[in-house]
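Because only heavy atoms are used, hydrogens play no part in the values below, and waters and symmetry mates are left out as well, while side chains stay in. In what follows, chains are A, B, ... by sequence order, proteins preceding strands, each numbered from 1.
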Amino acid sequence: MIIKPKADADLMVRIEQLNKWFGNAHVLKNISLNVKAGEKVVICGPSGSGKSTLIRCINQLEQHQQGVVEVLGEELNGNLKGLERIRRQVGMCFQHFNLFPHLTVLKNCTLPQTSNLGVPEAEAIERALGLLDKVKMRDHANKFPSQLSGGQQQRIAIARALCMQPKVMLFDEPTSALDPEMIAEVLEVMTSLAQEGMTMICVTHEMGFARKVADRIVFMDQGEIVEEAPPERFFSAPESPRTQRFLSQIINHGVHAQ
Amino acid sequence: MTAMNQVLAVPLTPPRLPWVQRAVAWSRSQLFPSVGHSLLTLSVIALLCWCVPAALNWLVFDATFVGDSAKDCNPAGACWLPITQRWNLFVYGFYPQAEQWRVTVSLVLAGSAFVLLFFKRLDRRLLLAYLALLPIVMWWLLKGGAGLPEVSSTKFAGMLVTVFLGTAGMIFALPLGILLALGRRSKLPVIRMLCVLYIELVRSVPVISLLFMASLMIQLFLPPDSAFDILLRVQLVLILFTAAYMAETLRGGLQNLPKGQYEAAMALGFGYWKTMGQIILPQVLKQSIAPLLTQFIGLFKETTLVMIVGVLDIVGIAMSTAVAPEWVEYGHEIYIFLAIYFFVICFALSRYARHLEQRMEQSRS
């Protein structure tokens, strides 16, 4: 894939003046966000702030009405052919895992490769087993998703996305649907992925993970980006009162903050 | 060490009582749980004792199976001679004697399709190819042409009509139903409108009037000399009719599937047809097996309606036998035979549905 020579050649995702409405509700307001290769960005904010919608615009599961979304140097608009090509290079993990229940774990990981990338079956299996090994799920390769716990399913979902050898990974609240004891195993996989240099954009409430892994934390509220800062500054000296309120709520409840 | 032995001594399965005790316990809980239930059980048993032997005597023991004419019939029992004597007519209709092997082969091919469906290990592509070719091969065998002497479809009657209409109907209705269901949920307004219009139109017209339209009206739209075979015309109606109902069943399944499945497929770069073919439809079809098989059974029984437009299926043959002077007294036997014929086939289909459902439950857990 040829990346057009832009001002920033290593920009993975460029979002500029993005606006989106659901009906009359203005859910994303003038969002601009750049993510460079290898960067890890955590997006947080209260529920209904538009963070999931924003991340879903990056692979066009939601279509925006105004502004520019550019991924790997290509602008995403109505052109479907180009869209599928881009989506194959952008991995995504969902809150509810969305594994394919009629396929075994292994087949979940190989079918997208053979069907969409044209990888030969044997190579696809090898790659899938390697990645399942990495998320410690190799022993479960021949089970069906319904036989596994939420945390195991989410790790498989990550392996499935990685099988496509994506350049960017999107995580949409990957731990929100998990029982507390399973959150750690998923975060561990995500942390090691980050350490390998994967470009990651994560919507999450896991502030401990954000502090440890993120290069930048983006705080959203009511469809706007309120604050964007590296984690040290974000947690110790948040500028906006809205950020301060959000952080104090999270820390007072002591839920996910370390 | 002793503690260990004690642990091992606990049996792995729950203890089972001897069968006599189990039978007593079962009948006490299932047959005689209270005075009222006991009375009911006893009266049902009495009723069965009274009518089952009588029915068996009439149907089997006192019945006449062998003979040449109505004179050989035992008046105390059923007389199956109208069926045995006219067996050829029931199966082959008016098909020329010399070519009847073609009917036999096509019936065997249709029957083995059903048997093949039970083989789990069979390559699915092979099975699909077999099913796709089956109606074409059957039609070629029955109608002739390309090497075989041609047989006029006015000679088609009896079981061969029922089985051909049923088999080919099922094989073509499902794919068409799938396309209609997908079309109805399409994002393209023209396709969606056309599919909705078609489905609603077909579903709101009785199948009999559609059959009349097929026999009378289709000819009006075709050039005067082209003879579009009447059997194919009614076949077309049965397919189009069943497909519309299947489309609605499948649409329900498509709507019930979590949105996340579509999203995950899109995010992994599956295109529309791959998403549908590899991710969505396999799940929807699995969920819809029971209602789909019910519709297949319905289709099979609806093939009998073709009699109305002059195609003699097995019911047509049965009726003409029942009014033939020689057999006019034996209508009961003829219709009982018909009931058994349809029951056997439809029951086999419903057993197959059950088999598929069980297989799915196994592969899930």
Side-chain angles (χ1 to χ4, degrees), chain A residues 52 55-56 58-63 78 80-104 107-118 142-148 153 156-157 160-166 168-172 177, chain B residues 120-121 123-125 127-128 178 181-182 185-192 250 252-290 292 355-365:
Chain A
S52 276
I55 203 172
R56 286 155 63 88
I58 297 175
N59 64 358
Q60 293 285 288
L61 289 181
E62 301 286 356
Q63 263 127 31
L80 195 72
K81 266 271 173 285
L83 185 56
E84 276 157 23
R85 196 159 34 83
I86 296 293
R87 277 176 177 163
R88 284 165 200 168
Q89 302 176 69
V90 179
M92 181 153 194
C93 290
F94 299 87
Q95 185 177 0
H96 295 287
F97 337 129
N98 298 347
L99 293 175
F100 303 132
H102 62 301
L103 302 175
T104 61
K107 199 81 186 152
N108 259 284
C109 295
T110 57
L111 182 69
Q113 300 179 58
T114 52
S115 181
N116 300 338
L117 297 178
N142 291 317
K143 289 189 182 165
F144 284 89
S146 58
Q147 294 166 284
L148 302 166
Q153 290 193 46
I156 292 160
R160 177 177 73 174
L162 291 175
C163 277
M164 301 294 282
Q165 303 188 317
V168 187
M169 281 289 288
L170 310 176
F171 292 87
D172 187 2
Chain B
K120 202 177 173 180
R121 286 173 196 286
D123 189 345
R124 220 190 291 166
R125 269 165 296 176
L127 185 66
L128 284 180
I178 290 173
L182 293 181
R185 284 175 55 79
S186 165
K187 286 205 182 76
L188 309 169
V190 178
I191 292 181
R192 189 174 60 234
L250 291 169
L254 287 171
Q255 275 166 348
N256 281 341
L257 212 64
K259 205 166 149 239
Q261 292 291 308
Y262 293 89
E263 287 178 351
M266 279 196 271
L268 286 162
F270 284 86
Y272 176 80
W273 289 109
K274 281 180 181 171
T275 304
M276 290 302 161
Q278 297 179 324
I279 309 297
I280 305 299
L281 283 174
Q283 296 183 54
V284 170
L285 287 174
K286 272 184 180 181
Q287 286 169 10
S288 318
I289 278 175
L292 286 178
H355 164 82
L356 279 180
E357 278 176 329
Q358 275 168 350
R359 198 158 87 187
M360 259 149 41
E361 273 161 32
Q362 279 164 8
S363 75
R364 284 260 165 124
S365 58

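No side-chain heavy atom of A:P101 sits under 4.5 Å from any side-chain heavy atom of A:S146.
Among the candidates A:L170, A:L111, A:N116, the residue making the largest number of heavy-atom pairs closer than 4.5 Å to chain B is A:N116.
Checked by atom type and distance alone, the side chain of A:Q113 pairs as donor or acceptor with a backbone atom of A:C109 at under 3.5 Å.
Both the backbone and the side chain of A:R160 come within contact range of chain B, with heavy atoms under 4.5 Å apart. Looking at A:F100, both its backbone and its side chain come within 4.5 Å of chain B, counting heavy atoms on both sides.
Of the inter-residue distances, the one linking A:Q147 atom CD with A:Q153 atom CD reads 10.5 Å to the nearest 0.5 angstrom.
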Q: Go through B:L292 and B:L250 one step at a time and tell me if the side chain to side chain contact (heavy atoms under 4.5 Å, CB included) criterion holds.
A: CA-CA 8 Å; B:L292 286 178; B:L250 291 169; 4.2 Å; yes
